[in-house]
Amino acid sequence: MLLMLRRAVRAGVSLLRAGPVSPGTARLSRAAPRAGDGRSGEEEEEVEEVEEVEEGCYQLYPGHIPTSPLQKALLAAGSALMALYDPYRHDMVAVLGETTGCLALPNLRDKMKHHPEGYRILQERPRIRLSTLDMDRLRGLPDGTLGREYVRFLEDNKVSPDTRMPPKFVDDEELAYVIQRYREVHDLMHTLLGMPTNMLGEVVVKWFEAVQTGLPMCVLGAAFGPVRLSARKLQVLATELVPWAIQSGRNASCILNVYYEQRWEQPVESLREEIGIFPPPAIRV
């Protein structure tokens with residue numbers, strides 16, 4: 001099954017390469033293998049899958065790959081299949097988010113532009129990465145503060161903010177930052193919602209994010225993620241967690257309008273109340 005899905009994704013990329021390219025669009029092409037760089041054929045294939053931009057095209061930001069609507073549709077279909085088969089394929093989830101967010105991302109940007117804190121984030125473009133975080137300082141903050149609980153979440157779940165992929169297929173530099181920001185605050189959503197990174201926790205966060213952002217990627221994860229859960233967890237999800245996540249998502253202000261880097265000392269409960277997130281259910285997830 002996995003082999004079939006991989007072939008489907010690669011077949012879609014092959015179609016992109018073979019299709020006509022008009023001025024101002026890019027063809028996804030594979031460069032000839034480099035000699036002597038130590039990479040295997042499979043590694044060459046994955047690294048150079050979408051490497052070159054056709055002459056006459058331009059990048060809107062580093063790593064940008066301009067694509068036509070047809071190319072985006074093929075990438076969306078292939079990445080959706082792979083993401084459904086393996087929800088932990090974060091690279092496929094990222095491609096799906098970029099190629100299907102054409103309506104949701106402008107809406108999120110407009111919300112940020114019409115909010116003082118969100119507008120400042122758009123202007124200053126902060127990044128949440130290990131290189132920008134003072135982990136020792138955050139670790140030394142009192143228990144219950146956003147910074148301390150965020151670091152605790154990272155350490156307990158063995159995750160890193162540096163694993164978030166940079167955007168490639170968003171054909172607008174400002175919208176590319178919006179989706180990058182969404183990815184980098186995802187772990188903060190886990191922290192604020194009190195959800196771990198297991199499948200049940202991820203599904204709950206996706207329900208909240210689907211209501212908040214309208215991103216099709218989040219809707220897909222919320223709808224199809226539960227198929228991997230046990231009957232007991234499905235019951236808890238349906239009766240307790242999903243209603244709470246939807247209610248919180250509707251009640252909360254836009255999660256991208258919070259300058260989290262300036263809120264590290266703020267208690268999590270205080271920030272939840274400010275944003276409009278209801279206290280998590282007293283259920284072990």
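- When atom types are taken as modelled, the side chain of W244 and the backbone of P279 share a donor-acceptor pair closer than 3.5 angstrom.
- By the criterion of side-chain heavy atoms lying less than 4.5 angstrom apart, applied directly or through intervening Ile, Leu, Val, Met, Phe, Trp or Tyr residues, M189 is not grouped with V219; the two fall into different hydrophobic clusters.
- Taking the side chain as every heavy atom from C-beta outward, F208 and C218 never approach each other to under 4.5 Å.
- We find the CD1-NE2 distance between I255 and H186 to be 10.0 Å, quoted to the nearest 0.5 Å.
- When every heavy atom of A80 is checked against every heavy atom of L96, the shortest pair comes out as CB-CD1, 3.9 Å.
- Between the CG atom of L122 and the CG atom of L108 there is a distance of 10.5 Å, given to the nearest 0.5 Å.
- Proximity of a side-chain donor or acceptor of R89 to a complementary backbone N or O of A83 within less than 3.5 Å is not detected.
- Side-chain contact check for K233 versus M199: every heavy-atom pair is 4.5 Å or farther apart.
- Under the 4.5 Å side-chain heavy-atom criterion for grouping Ile, Leu, Val, Met, Phe, Trp and Tyr, M195 is connected to L229 within one hydrophobic cluster.
- Using a 4.5 Å cut-off on side-chain heavy atoms (C-beta onward), R164 and Y182 make no contact.
- Considering N157, D187, D156 in turn, N157 is the only one that fulfils the side-chain hydrogen bond (donor to acceptor under 3.5 Å, both in side chains) rule with T197.
- At least one donor-acceptor pair closer than 3.5 Å links the side chain of E117 to the backbone N or O of Y259.
- Nearest heavy-atom pair across N257 and G118 is OD1-CA, 3.3 Å.
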Could you go step by step and tell me if L241 and L200 meet the side-chain contact (heavy atoms from CB on, under 4.5 Å) rule?
-> CA-CA 9 Å; L241 296 174; L200 180 56; 4.1 Å; yes
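- For D171 (side chain) and P66 (main-chain N/O), no donor-acceptor pair under 3.5 Å exists by modelled atom type.
- Residue-environment remark: CG (L130) exceeds the threshold of 12 foreign heavy atoms within 6.0 Å.
- Formation of a donor-acceptor pair under 3.5 Å by the E209 side chain with backbone atoms of K206 is not found in this model.
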Kindly indicate, with the supporting measurements, whether the criterion side-chain contact (heavy atoms from CB on, under 4.5 Å) is fulfilled by E173 and H64.
-> CA-CA 9 Å; E173 186 266 345; H64 174 230; over 6 Å; no
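- Between the side chain of T132 and the backbone N or O of R127 there is at least one donor-acceptor pair closer than 3.5 Å.
- In the displayed structure, F224 atom CZ is contacted under 6.0 Å by at most 12 heavy atoms of other residues, nucleotides or ligands.
- In this structure, CE on M217 lies 13.5 Å from CE on M92, to the nearest 0.5 angstrom.
- Across every non-hydrogen atom of E98 and P166, the tightest pair is OE2-O, 3.9 Å.
- D110 and K113 are not joined by a salt bridge, as no carboxylate oxygen comes within less than 4.0 angstrom of a charged side-chain nitrogen.
- More than 12 non-hydrogen atoms from other residues, nucleotides or ligands lie less than 6.0 angstrom from CZ of R228.
- Looking at R125, its side chain never comes within 3.5 Å of a backbone N or O of Y177 through a donor-acceptor pair.
- Distance OG1/T145 to CG/D143: 7.5 Å, rounded to 0.5 Å.
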Given side-chain contact (heavy atoms from CB on, under 4.5 Å), test D172 with R109 step by step and report yes or no.
-> CA-CA 11 Å; D172 182 285; R109 175 186 59 187; 3.7 Å; yes
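- Applying the 6.0 Å contact sphere to CD of E269 captures no more than 12 heavy atoms from other residues, nucleotides or ligands.
- In this structure, V242 is not a member of the same hydrophobic cluster as V227, with clusters built from ILVMFWY side-chain heavy atoms closer than 4.5 Å.
- To the nearest 0.5 angstrom, W264 atom CH2 is 12.5 Å from R148 atom CZ.
- Judged by distance alone, with hydrogens and angles left aside, the side-chain atoms of E149 form no donor-acceptor pair with the main-chain N or O of T191 at under 3.5 Å.
- Hydrophobic clustering (ILVMFWY, side-chain heavy atoms < 4.5 Å, transitive): I128 and I275 are in one cluster.
- Rounding to the nearest 0.5 Å gives a distance of 12.0 Å between CG of N107 and CE of M112.
- In the hydrophobic cluster analysis, where Ile, Leu, Val, Met, Phe, Trp and Tyr join through side-chain heavy atoms closer than 4.5 angstrom, M165 is grouped apart from M82.
- In this structure, the side chains of L188 and L146 come closer than 4.5 Å at one or more pairs of heavy atoms.
- Looking at K72, its side chain does come within 3.5 Å of a backbone N or O of T67 through a donor-acceptor pair.
- Looking at E202 and H190, their side chains do bring a donor and an acceptor atom within 3.5 Å of each other.
- Taking every heavy atom of both residues into account, G276 and N251 meet most closely at O-ND2, 2.8 Å.
- In this structure, Y260 and R181 have side chains that are in contact, with non-hydrogen atoms separated by less than 4.5 Å.
- Taking 4.5 Å as the limit, some side-chain heavy atom of L105 sits within range of a side-chain heavy atom of V170.
- Within a 6.0 Å sphere centred on CD of E273, heavy atoms belonging to other residues, nucleotides or ligands number 12 at most.
- By the 4.5 Å heavy-atom criterion applied to side chains, V93 and S79 are not counted as neighbours.
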Could you walk me through whether E240 and Q235 pass side chain to side chain donor-acceptor pair (under 3.5 Å), step by step?
-> CA-CA 8 Å; E240 298 285 344; Q235 182 178 8; over 6 Å; no
Could you walk me through whether V185 and L256 pass the side-chain contact (heavy atoms from CB on, under 4.5 Å) test, one step at a time?
-> CA-CA 8 Å; V185 304; L256 298 184; 4.0 Å; yes
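- For the residue pair P280 and R272, the shortest heavy atom distance occurs at CD-NH1, 3.6 Å.
- In this structure, the side chains of I179 and R183 come closer than 4.5 Å at one or more pairs of heavy atoms.
- Closest non-hydrogen pair, P161 versus L154, comes out as CD-CD1, 4.0 Å.
- Side-chain atoms of W207 do not come within 3.5 Å of backbone N or O of I246 as any donor-acceptor pair.
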